[in-house]
Amino acid sequence: MSKVLIIGCGGVGTVVAHKCAQHPEVFTEIVIASRTKSKCDAVARAIGKSNISTDSVDADNVEELVALLNRHKPELVINVALPYQDLTIMEACLRCGVNYLDTANYEPKDVAHFEYSWQWAYRERFEQAGLTAILGCGFDPGVSGVFTAYAAKHYFGEMETLDIVDCNAGDHGKAFATNFNPEINIREITQNGRYWNEGEWVVTKPLEFHKTLNYPNIGPRESYLLYHEELESLVQNFPTIKRARFWMTFGQEYLTHLRVIQNIGMARIDEVEYNGTKIVPLQFLKAVLPNPQDLGENYHGETSIGCRISGKDKEGKPMTYYIYNNCSHEEAYRETGMQAVSYTTGVPAMVGAMMFLTGKWNLKGVRNVEEFDPDPFLAALAANGLPWHEVLNSDLEVL
């Protein structure tokens, strides 16, 4: 009997709930909780299963979270709330003896900066409590780390370069919209880039470096170098990697809107006074932009996310390896009512929870996904809507 508590009911939380409900043999009871209970109720009604219940919680408040966990007593919390709330949820899990899983690392509200140090600081406490905390179990971070672990296990004696490539070739018909929480999305893109090279981090200006990469079934797309949190854990867990980078595609119309938003001050995360009230411009912008949850109905095209790796194979010979998934926005919407960006994050979160609850991922302490066995995870990922593909010894375009 495995009871899970999903905290967060945005696009990703909706997908997680749908996918957990497809596996009653693993997720015997499902609780969905967020600040707005009516949103959770709507998702539960749409799924229509008797083993789903809902609740409300302010995930910024540790005491409210503790009361929620004590009320429901889940075996695992799936955190798909805001990254600002990771530490409060982890703290509540420790107090209540509950295991933890999330899809993105912590970042403070007042600084556009994210790294794992805040969460890794909980390692000893989770180990001593005999609990597991699985960090970054979305797609990137998440599947990107599992892909890398799979490559190391099955193909490489020594990985030397890693390039994670993320393309969204979909069209939602809006002049400007973000595919997940606008506040988090814009903070991520507008901060400095960073990549790993020969044992140190190289800092770049926002979107300073870009190049055209070809994506399967999509074709050429301009791809921009930015920092992503999984690079931090991957270069620690696979120390032979000499260079690690992350690339993401953006259309020119999107970048033009982004430049305007920055130039007029709407990307600011500090408070300004307006008519006697203090507001954060980026939070106000979030309120007027399209809700990512509402994009799916008219979204067409697909995403393509993967890892391009070079190094030496098990026999010491040079090799290249590309492992990737393509996901259709239309198919994701037909199944869950959400677009592919939410789907590619929510499905891996469910699969990671399944791995833990079925005993396939059973390491204690605070762990990144690449520390676990990649094989059962990738088998379950393919069986649950995200099949993956491999290309050996081709032109990676990033060397």
Side-chain angles (χ1 to χ4, degrees), residues 1-7 12 15-31 51 73-80 90 93 97-105 116 119-120 122-123 126-127 129-156 230 233-234 236-238 305-307 323-325 343-390:
M1 301 289 286
S2 297
K3 185 175 188 177
V4 293
L5 169 62
I6 302 167
I7 300 179
V12 175
V15 173
V16 173
H18 274 270
K19 300 303 286 191
C20 286
Q22 293 174 9
H23 292 279
E25 76 283 2
V26 177
F27 305 97
T28 52
E29 292 183 68
I30 302 165
V31 182
N51 64 334
K73 301 188 183 305
E75 186 171 346
L76 175 71
V77 162
I78 302 175
N79 169 19
V80 284
M90 290 179 77
C93 285
V98 177
N99 300 285
Y100 171 91
L101 179 147
D102 68 30
T103 62
N105 72 0
Y116 276 119
Q119 291 179 278
W120 284 346
Y122 281 76
R123 279 173 172 164
F126 269 84
E127 286 175 7
L131 297 172
T132 297
I134 301 172
L135 305 184
C137 197
F139 207 107
D140 46 351
V143 176
S144 55
V146 180
F147 278 167
T148 305
Y150 186 84
K153 179 178 178 179
H154 294 283
Y155 294 101
F156 285 94
E230 67 263 46
S233 65
L234 287 169
Q236 284 197 23
N237 289 316
F238 300 101
I305 311 173
C307 295
I323 180 170
Y324 68 92
N325 160 266
Y343 191 87
T344 54
T345 305
V347 174
M350 180 281 291
V351 172
M354 176 187 287
M355 293 298 101
F356 173 76
L357 294 172
T358 57
K360 295 181 177 66
W361 282 11
N362 57 9
L363 300 174
K364 302 301 180 185
V366 176
R367 304 282 183 166
N368 292 87
V369 293
E370 66 268 17
E371 298 178 59
F372 298 94
D373 185 0
D375 291 8
F377 180 98
L378 289 183
L381 189 75
N384 283 278
L386 293 177
W388 43 277
H389 313 277
E390 301 170 285

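Throughout, numbering of the chain's residues begins at 1 and tracks the sequence.
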Validation row: [X], [Y] side chains within 4.5 angstrom (heavy atoms):
X	Y	value
Thr345	Val15	no
Tyr116	Gln236	no
Ile6	Val80	yes
Val369	Trp361	yes
Asn325	Phe139	yes
Leu135	Trp120	yes
Ile78	Cys20	yes
Gln119	Asp102	yes

Smallest separation among heavy atoms of [X] and [Y], with atom names:
X	Y	value
Ala104	Pro141	CA-CG, 4.5 Å
Cys307	Ser144	SG-O, 3.4 Å
Ala152	Phe238	CB-CE2, 3.7 Å
Ala133	Met90	CB-CE, 4.3 Å
Asn99	Cys93	O-SG, 4.0 Å
Gly352	Cys137	CA-SG, 3.7 Å

Supply the atom-to-atom distance [X] [atom1] to [Y] [atom2], rounded to the nearest 0.5 angstrom.
X	Y	atom1	atom2	answer
Thr132	Leu363	OG1	CG	7.0 Å
Met350	His18	CE	NE2	12.5 Å
Glu29	Glu75	CD	CD	11.5 Å
Tyr150	Glu390	OH	CD	5.0 Å
Leu5	Asn79	CG	CG	9.5 Å

| Hey, is the main chain of Phe27 close enough, under 3.5 Å, to the side chain of Ser2 for a donor-acceptor pair? | no

Going by the side-chain contact (heavy atoms from CB on, under 4.5 Å) test, name the single residue among Val351, Thr344, Ile305 that passes it with Leu386.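 Answer to the side-chain contact (heavy atoms from CB on, under 4.5 Å) test with Leu386 among Val351, Thr344, Ile305: Thr344.
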
- Task: Kindly determine whether Leu101 and Phe356 satisfy side chain to side chain contact (heavy atoms under 4.5 Å, CB included), including the steps that lead there.
- Result: CA-CA 9 Å; Leu101 179 147; Phe356 173 76; 6.0 Å; no

In short, side chain to side chain donor-acceptor pair (under 3.5 Å) pairs touching residues 378-389 with sequence neighbours left out are His23-Asn384

Quick one: side chains of residues 370-382, donor-acceptor pairs under 3.5 Å with protein atoms, not counting sequence neighbours, listed by atom name and distance.
residue : atom : partner : partner atom : Å
Glu370  : OE2  : Ser233  : OG           : 2.8
Glu370  : OE2  : Asn237  : ND2          : 2.9
Glu371  : OE1  : Arg367  : NH1          : 3.1
Glu371  : OE2  : Asn368  : N            : 2.8
Asp373  : OD1  : Lys153  : NZ           : 2.9
Asp373  : OD1  : Asp375  : N            : 3.1
Asp375  : OD1  : His154  : NE2          : 2.8
Asp375  : OD2  : Lys153  : NZ           : 3.1
Asp375  : OD2  : His154  : NE2          : 3.1

